[in-house]
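The analysis underlying the following values was restricted to heavy atoms, covering all of them including side chains, and did not include hydrogens, waters or symmetry mates. Per chain, numbering begins at 1; letters A, B, ... match sequence-line order.
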Amino acid sequence: MKIKIDLNGTKEIDVEKGTTALEIFTHLNPQSNRKPIAARFNGSLIDLSLPIEDEGILQYVTFDDEEGKFVYWHSTSHVMAQAVKRLFPDAKLAIGPAISDGFYYDFYTKKTFSPDDMKKIEKEMKKIIKEGQSFERTVISKDEAISLFTEEKENFKLELINELEGDISIYKNAEFVDLCRGPHVPRTSYISAYKLLSISGSYWRGDEKRESLQRIYGVSFETKEELKKHLHKLQEAKERDHRKLGKELGLFSTMGEAGPGLILWHPKGATLRRIIEDYWKDEHLKKGYELVITPHIAKSGLWRTSGHYDYYLENMFTFKINNNEYVIKPMNCPGHILIYKSKIHSYRDLPIRYAELGTVARNELSGVLHGLLRVQEFTQDDAHIFCMEEQIEDEILGVLRFARSIMNTFGFQNLNYELSVRDPDNKDKYAGFDKDWEKAEASLVKALEAEKLDYKRMEGEAVFYGPKIDIQMYDALGRKWQGPTIQFDFNLPGRFDVTYVGKDGNQHNVFIVHRTILGSIERFIGTLIEHYKGDFPVWLSPVQVRIMTITDKSIDYAERVNNTLIPHHFRTEVDKRNEKIDLKVREAEKERIPYMAIIGEREEKENTVSIRERHRKNRGSFSIVDLIEELNEKCKKKT
RNA sequence: GCCACCGUAGCUCAGAGGUAGAGCAGGGGUUUUGUAAACCUCUGGUCGGGGGUUCGAUUCCCUCCGGUGGCUCCA
């Protein structure tokens, strides 16, 4: 019996009932530079080897599709698990999904995997792939699944099965069987280039109270070239690592003596920070923010009022003085609210925008600390907007535009927007009134739409006290980093009784919008270092110009040139050491200094400098005036 | 916090049951140099801290400190 298959609008064909997607593909062999990995039939992903029984729309999924990669990686994770089971039969299977950059599989075993084992596993995978085993999908009942995996002694799988309802699909290739939704590539031989990348620990279901598992990460591609390219990208990321560059460029360090997750800013890092902070303050003043400063410590009563003492205590540093308990502030909000409440506000005062580069301390689990990205003391570029309901739309729009322009200035043109809203089925777990949530959400949506921004709606991702917009930026390597957030707060206004006097003479609750643009100065600088690979644009460079002498004879002239530049507020250095110019150039290049002004007898005679720009080699002779102009231009344009 | 791995000079790393080396950096000299490393010479380390095993430990074991990779992206 024939059935009609619509090849996603390109063609319609009649095939024998029970034909597989793979057979159709091989039969038609349509133009495609990628062979398919899976298929989409009437909207759902299926195996290429699944017999098609009804008519419908068939689409092929290749490695170029997100889903194709996932199927491919997921199949590779099965092959890896199979190899592990062959080598270490005691290992129990946990889960092995595809992830954004490859796959992993978790195992429970007494043996600890070593890097050597990874090589052995890779070798075994090669065999399995060579064997060209087919992935066979079978659908069985829950009872059958239970007896199968009891026999296999896979108790983690059993736990999963017990939570599933209805029929259960399993995939089998040779001796290996796994509980799996699928789909998979038709045969193990589809996997060509793969590599196991790392081993780490994890918990069964991410629960620290459950079994500790060992996780093996890997990645795979259809060609060796793609794998090579991917590994190259990982290498590139390693070279950009802000911890490595931070050390090399003398920006910051962490020292065990100081404590974990605490940053020591060296002069160059502190300079970079100062430039960013000065720029930040200037821009905020221009946008109608008022700068405030609140204390680093406060009595714990304040944190009881705010509620942090109840749900955030384990992250707070506390200490006692004369029987009074104090908290080192983990957030700036209560301080800003106290400033607001220091007097009665009329509707005429609103909106009020308080901004602070507020340094906060948070006690983090030691294992999560990471360079500048996750620390225990950091400076938030925090601001709180106190406004009336009718002002929220304008305020949100203002913040959104502001955040965008600042991100663009720092070289992040590519941004990703997420709107986190309430879980509609669970409305009572949130603080605040329904109408406020609705109003707030509408204002966030309106701002995003007014700016014609694509955004992802994250249902149920809002925190309990209000909806928010999160913005992520993509760096030069295409990696995503957390950036600005704009967040409503329906909790604190009530707790602190934050009000204004309206036109009607009555007190009304204010809307509080909490927002940060850089997030934390520490983390932001970490992302900047990696984004620019340490090659900061002139306006951000801790040292903008290094003047270097060819011989001692030019020291006086070098100092004169330097004294001409200093009044223009350029950050300069003079390298007058008795060293060869080659060495001075080499060091300046390595230190990523954007401008090298080389000075010898010739330059002194002509009243010029010879300019070499970072990565651009010798640009020849410049008058001091021309140099100043070029530098000014770059600083002004922030390039 | 938990799992795994790591910790040797300021930095990058080598070494090994008999108390340690290299390069760079740093000091001192020579050299006065034209766009990514001139030459000579010297200094430098309770081998992360503490405890144990041993005739002997930096090496083996325990513990603490610090770092690295991870700890649902859900069969």
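- The side chain of A/His370 approaches B/rG69 more closely than any other nucleotide in the set B/rG34, B/rG69, B/rA36.
- Using a 4.0 Å heavy-atom distance criterion, A/Leu583 is classed as a sugar-phosphate-only contact.
- In this structure, the ring of A/Phe156 has its center less than 6.0 angstrom from the ring center of A/Trp204.
- The distance between atom CG of A/Leu262 and atom C1' of B/rC65, rounded to the nearest whole Å, is 14 Å.
- Of the candidate nucleotides B/rG70, B/rA37, B/rC73, B/rG70 has the atom lying nearest to any side-chain atom of A/Arg215.
- Following rounding to the nearest Å, A/Lys244 (NZ) and B/rC11 (P) show an atom-to-atom distance of 15 Å.
- For the P atom pair drawn from B/rC60 and B/rG17, the interatomic distance equals 9 Å after rounding to whole Å.
- Listed nucleotides B/rG69, B/rC74, B/rU35 differ in distance to A/Ser200; the shortest reach to its side chain belongs to B/rG69.
- Among the nucleotides B/rU32, B/rG1, B/rU35, the one closest to any side-chain atom of A/Ser610 is B/rU35.
- Out of B/rA36, B/rG34, B/rG1, the shortest distance to the side chain of A/Glu601 is found at B/rG34.
- Contact annotation for A/Asn618: base contact, defined as any heavy-atom pair under 4.0 Å involving a base atom.
- Comparing the same atom, P, in B/rU41 and in B/rG49 gives a spacing of 33 Å after rounding to whole Å.
- Within 4.0 Å of A/Leu164, counting heavy atoms only, lies at least one base atom of the nucleic acid.
- For the pair A/Met255 CE and B/rG10 P, the interatomic distance rounds to 10 Å; values are reported in whole Å.
- Annotation: B/rG56 and B/rC13 have their C1' atoms spaced 28 Å apart (nearest Å).
- Nucleic acid contact for A/Lys584: none, since no nucleic acid atom lies under 4.0 Å from a heavy atom of the residue.
- Side-chain to base pairing of A/Glu603 with B/rG34: one donor and one acceptor N or O lie within less than 3.5 Å of each other.
- Using a 4.0 Å heavy-atom distance criterion, A/Ile161 is classed as making no nucleic acid contact.
- Using a 4.0 Å heavy-atom distance criterion, A/Arg619 is classed as making no nucleic acid contact.
- Across the C1' atoms, B/rG51 and B/rU58 are found 15 Å apart, a figure rounded to whole Å.
- The separation between A/Met458 atom CE and B/rC73 atom C1' is 11 Å, rounded to whole Å.
- Ion pairing of A/Glu613 with A/Lys634 is present here, as a side-chain N (NZ or NE/NH1/NH2) and a carboxylate O approach within less than 4.0 Å.
- Residue contacts shown for A/Ile99 include a base, since a base heavy atom lies under 4.0 Å away.
- Residues A/Tyr72 and A/Phe70 keep their aromatic ring centres 6.0 Å or farther apart.
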Quiz item: So A/Tyr474 and A/Leu415, side chain to side chain contact (heavy atoms under 4.5 Å, CB included) or not? Walk me through it.
Solution: CA-CA 6 Å; A/Tyr474 292 96; A/Leu415 302 172; over 6 Å; no
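- Out of B/rU35, B/rA38, B/rG66, the shortest distance to the side chain of A/Pro260 is found at B/rG66.
- Side-chain N/O atoms of A/Asp552 and base N/O atoms of B/rU32 include a donor-acceptor pair closer than 3.5 Å.
- The pairing partner recorded for B/rG1 is B/rC71, the criterion being a Watson-Crick or G-U wobble arrangement whose two distances lie under 3.5 angstrom.
- With rounding to whole Å, A/Leu373 atom CG is found 10 Å from B/rU68 atom P.
- Pairing partner, B/rA25: none, since no Watson-Crick or wobble contact has both distances short of 3.5 Å.
- For B/rC74, neither phosphate oxygen OP1 nor OP2 lies less than 4.0 angstrom from any side-chain nitrogen or oxygen of A/Arg181.
- The ring of A/His266 has its center no closer than 6.0 angstrom to the ring center of A/Phe252.
- B/rC55: Watson-Crick or G-U partner is B/rG18, with both key distances under 3.5 Å.
- Aromatic pair A/Phe524/A/Phe378: centroids not less than 6.0 angstrom apart.
- Comparing B/rC71, B/rU72, B/rU12 by their closest approach to the side chain of A/Lys247 singles out B/rU12.
- For A/Phe103 and A/His74, the gap between ring centers reaches or exceeds 6.0 Å.
- Here the P atom of nucleotide B/rU72 and the CZ atom of A/Phe103 are 19 Å apart, to the nearest Å.
- At a cut-off of 3.5 angstrom, the base of B/rG1 holds at least one donor-acceptor pair with the side chain of A/Tyr203.
- Residue A/Arg612 places a side-chain atom within donor-acceptor reach of the base of B/rA36, judged by atom type and a 3.5 Å distance cut-off alone.
- Here the C1' atom of nucleotide B/rA37 and the CD atom of A/Glu589 are 13 Å apart, to the nearest Å.
- Ring-plane geometry between A/His230 and A/Phe221 is classed as tilted, the angle between the planes lying from 30 to 60 degrees on a 0 to 90 degree scale.
- Of the P atoms belonging to B/rG23 and B/rA14, the separation is 16 Å, rounded to the nearest Å.
- When heavy atoms are screened at a 4.0 angstrom cut-off, A/Leu365 is found touching base atoms of the nucleic acid.
- Taking the P atoms as reference points, B/rC2 lies 9 Å from B/rC64, given to the whole Å.
- With respect to A/Glu530, the salt bridge (charged side-chain N to carboxylate O under 4.0 Å, His left out) criterion is satisfied by exactly one of A/Lys480, A/Arg240, A/Arg479, A/Lys244: A/Arg479.
- When the nucleotides B/rC2, B/rG70, B/rG34 are ranked by their closest atom to the side chain of A/Tyr217, B/rG70 comes out on top.
- Between A/Arg205 and A/Leu369, it is A/Leu369 whose nearest contact on RNA chain B lies nearer the 5' terminus.
- Nearest to the side chain of A/Ser100, among B/rG34, B/rG69, B/rC73, sits B/rC73.
- In the set B/rU35, B/rG34, B/rG69, the nucleotide with an atom closest to the side chain of A/Arg602 is B/rG34.
- B/rU30 is paired with B/rA38 under the criterion used here, namely a Watson-Crick or G-U wobble arrangement in which both key atom distances are under 3.5 Å.
- Distance check on atom C1': B/rG15 versus B/rG45 gives 14 Å, rounded to whole Å.
- As a whole-Å value, the separation of A/Lys456 NZ from B/rC73 C1' is 10 Å.
- Distance check on atom C1': B/rG50 versus B/rA57 gives 14 Å, rounded to whole Å.
- Neither OP1 nor OP2 of B/rA37 sits under 4.0 Å from any side-chain N or O of A/Arg577.
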